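Read the structure below first, then the notes.
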Amino acid sequence: MSSATSPTPRCSIVIRAYNEEKHLPALLDRIQAQSVQPVETILVDSGSTDDTLAIAGRYPVKIVHIKPGDFTFGRSLNKGIAAASAPIAVLASAHVLPFDERWLEHLLAPFADEQVALSYGMQRGGAESEFSEDQHWQRWFPEHSDWDQPHPYCNNANAAILRSLWQQQPYDEDLTGLEDLAWASWAKHEGYKVAYVAEAGVTHIHEENAAQIVNRHRREAVALKSILPQSHFTLLNFLGMFVRRTLGDWRAALRQGAFLQQAGPALRFRLLQYWGTYRGYQEAGRMTPAMQQVFYYPPSVLETRRRNDQADCETETAR
């Protein structure tokens, strides 16, 4: 069917991806099974070296490329949404899996209210997830929906926004994270609503080593300090949050009969989480290329890409 006669998609799903061959097929299969159709799927790839692009090529997916050296979460989303054609852009990480075939139906429902700028859905961990992180998700993604929540918290791993509002206010490309929080804060300031939809749930799979846990919270802290310059996170804050959240995890593990299995992992995760937060606050405002590589990519990715680009340039010059 030609593009001239193709029906207008109900929404455009923008997926950010880097080496996601393990999780991408299940997500794309679940998208095709959604009760809401037709949809447009856009994959924003930031230099994958595995079979991510080959897998995407087997589905009706538009692929947008962003160089690793240019990547930020905001820039990646802006590129994807700029390529979208539907009035609502659904934002998803490549390592999430919707609970069921009504995920989009539920996520889009709040936009019946013209004052809703953004909706976001529940997240839960999978079997590989850290116990402590699942406690975080249960705290911030409750069982009951709120289509006009009083705060701007949201998460772009499972969200949808009005493209017309994004055109007025694109995502901040300079933030190292929390671009979703910054955008939702703007929307609420402009008088729009942020809707939380518990029924639009996904499993969010994080498979991180210790360094990746530290760096994820480190870059989010750098971003939060940029958004809230007067905020602070001292060593005393680090110790207080580490102790308080660890004890909370231990109590939850006791209630679930999993204390012996989860006591050590919970202590380890909270230590890494809040140490990363503390480090990020000390580094705020001093973003360097080396920090960018640590924040977004495994070691050597940007350097390898830089050498390849240089070699390509030298080859072209020789011609």
Side-chain angles (χ1 to χ4, degrees), residues 1 3 6-7 9-86 88-105 107 121 123-129 155-160 200-209 212 216 293 296-302 304-305 308-309 312:
M1 186 179 291
S3 59
S6 297
R10 298 275 301 280
C11 65
S12 298
I13 304 173
V14 177
I15 304 169
R16 298 165 296 168
Y18 171 75
N19 284 352
E20 292 286 359
E21 64 180 5
K22 180 177 179 180
H23 304 293
L24 187 60
L27 172 58
L28 294 177
D29 285 340
R30 188 60 57 86
I31 288 172
Q32 290 193 315
Q34 289 298 301
S35 60
V36 171
Q37 295 293 338
V39 300
E40 174 183 52
T41 305
I42 299 166
L43 183 82
V44 184
D45 184 78
S46 53
S48 292
T49 56
D50 65 357
D51 283 340
T52 294
L53 294 177
I55 290 167
R58 299 198 287 267
Y59 293 82
V61 172
K62 180 190 297 185
I63 299 174
V64 175
H65 298 277
I66 182 171
K67 293 181 179 179
D70 295 335
F71 180 87
T72 65
F73 292 108
R75 187 170 296 131
S76 173
L77 290 171
N78 285 341
K79 280 183 170 288
I81 299 171
S85 60
I88 298 175
V90 172
L91 313 175
S93 293
H95 46 269
V96 303
L97 182 65
F99 286 170
D100 56 38
E101 289 74 21
R102 297 184 65 195
W103 165 62
L104 283 178
E105 181 182 336
L107 194 61
Q123 295 184 42
R124 291 292 183 264
E128 309 89 344
S129 298
N155 191 292
N156 275 345
N158 177 27
V202 300
T203 301
H204 191 164
I205 303 166
H206 273 149
E207 298 174 297
E208 299 175 317
N209 59 34
Q212 289 169 324
R216 174 157 59 94
Q293 178 170 328
Y296 302 131
Y297 294 96
S300 81
V301 167
L302 291 184
T304 300
R305 291 283 173 180
N308 290 343
D309 289 346
D312 290 344

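Keep in mind that what you see is a predicted model, and the values were worked out from it rather than measured.
Scored by the side chain to side chain contact (heavy atoms under 4.5 Å, CB included) test, Pro60 finds Gln32 as partners (sequence neighbours excluded). Residues meeting the ring-ring contact (aromatic ring centres under 6.0 Å, His included) test with His23, sequence neighbours left out: none. Listed by chain and number, the residues in a side-chain hydrogen bond (donor to acceptor under 3.5 Å, both in side chains) with Glu105 are Ser35, Arg102 (sequence neighbours excluded). Applying the side-chain hydrogen bond (donor to acceptor under 3.5 Å, both in side chains) criterion to Gln123, with sequence neighbours excluded, gives Asn155, His204. Under the side chain to side chain contact (heavy atoms under 4.5 Å, CB included) criterion, Phe99 pairs with Met122, Arg124, Thr203, sequence neighbours left out. Among residues two or more places apart in sequence or in another chain, the side-chain hydrogen bond (donor to acceptor under 3.5 Å, both in side chains) test is passed with Thr52 by Asp50. Under the side chain to side chain contact (heavy atoms under 4.5 Å, CB included) criterion, Arg10 pairs with Val36, Pro38, not counting sequence neighbours. Taking the side-chain hydrogen bond (donor to acceptor under 3.5 Å, both in side chains) definition, one finds that Asp51 meets it with nothing, sequence neighbours left out. Residues satisfying the side chain to side chain contact (heavy atoms under 4.5 Å, CB included) test with Glu208, not counting sequence neighbours, are His206, Gln212, Ile213, Arg216.
Under the 4.5 Å side-chain criterion, counting only non-hydrogen atoms from C-beta, Val96 is not in contact with Asn158. Residues Ile31 and Asp29 fail the side-chain proximity criterion, which asks for heavy atoms closer than 4.5 Å. The side-chain heavy atoms of Trp103 and Val202, taken from C-beta on, include a pair separated by under 4.5 Å. Side-chain contact between Leu104 and Cys11 is present, with heavy atoms from C-beta onward closer than 4.5 Å. Put simply, the side chain of Ile66 reaches to within 4.5 Å of the side chain of Arg75, judged on heavy atoms. Residues Leu27 and Pro25 have side chains not in contact (no heavy-atom distance under 4.5 Å, counting atoms from C-beta outward). At least one side-chain heavy atom of Leu28 sits under 4.5 Å from a side-chain heavy atom of Val61. The side-chain heavy atoms of Leu53 and Ile63, taken from C-beta on, include a pair separated by under 4.5 Å.
In this structure a side-chain-to-backbone donor-acceptor pair under 3.5 Å is present from Arg30 to Pro98. Judged purely by atom type and a 3.5 angstrom limit, Ser12 uses its side chain to pair as donor or acceptor with the backbone of Ala86. Between the side chain of Ser48 and the main chain of Asp45, no donor-acceptor pair closer than 3.5 Å is present.
When each of Val39, Val14, Leu107 is tested with Val90 by the rule side-chain contact (heavy atoms from CB on, under 4.5 Å), just one qualifies, namely Leu107.
Note that CG of Leu24 is 6.0 Å distant from CG of Leu43, once rounded to the nearest 0.5 Å. With rounding to the nearest 0.5 angstrom, the CG atom of Leu91 is 11.5 Å from the CD1 atom of Ile88.
The two residues Phe71 and Ser46 have their closest heavy-atom pair at CD1-CB, 3.7 Å.
Side-chain contact check for Arg16 and Ser93: at least one donor-acceptor pair (N or O, by modelled atom type) lies under 3.5 Å.
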Between side-chain atoms of residues 77-85 and protein atoms elsewhere (two or more places apart, or another chain), which donor-acceptor pairs fall under 3.5 Å?
residue : atom : partner : partner atom : Å
Asn78   : OD1  : Trp166  : NE1          : 2.8
Asn78   : OD1  : Tyr171  : N            : 3.0
Asn78   : ND2  : Gly74   : O            : 3.3
Asn78   : ND2  : Tyr171  : O            : 2.9
Asn78   : ND2  : Glu173  : OE2          : 2.9
Ser85   : OG   : Glu40   : OE1          : 3.2
Ser85   : OG   : Glu40   : OE2          : 3.3

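Within the structure, salt bridge (Lys or Arg N to Asp or Glu O under 4.0 Å) contacts touching residues 17-27 (residues at least two apart or in different chains) are Lys22-Glu207.
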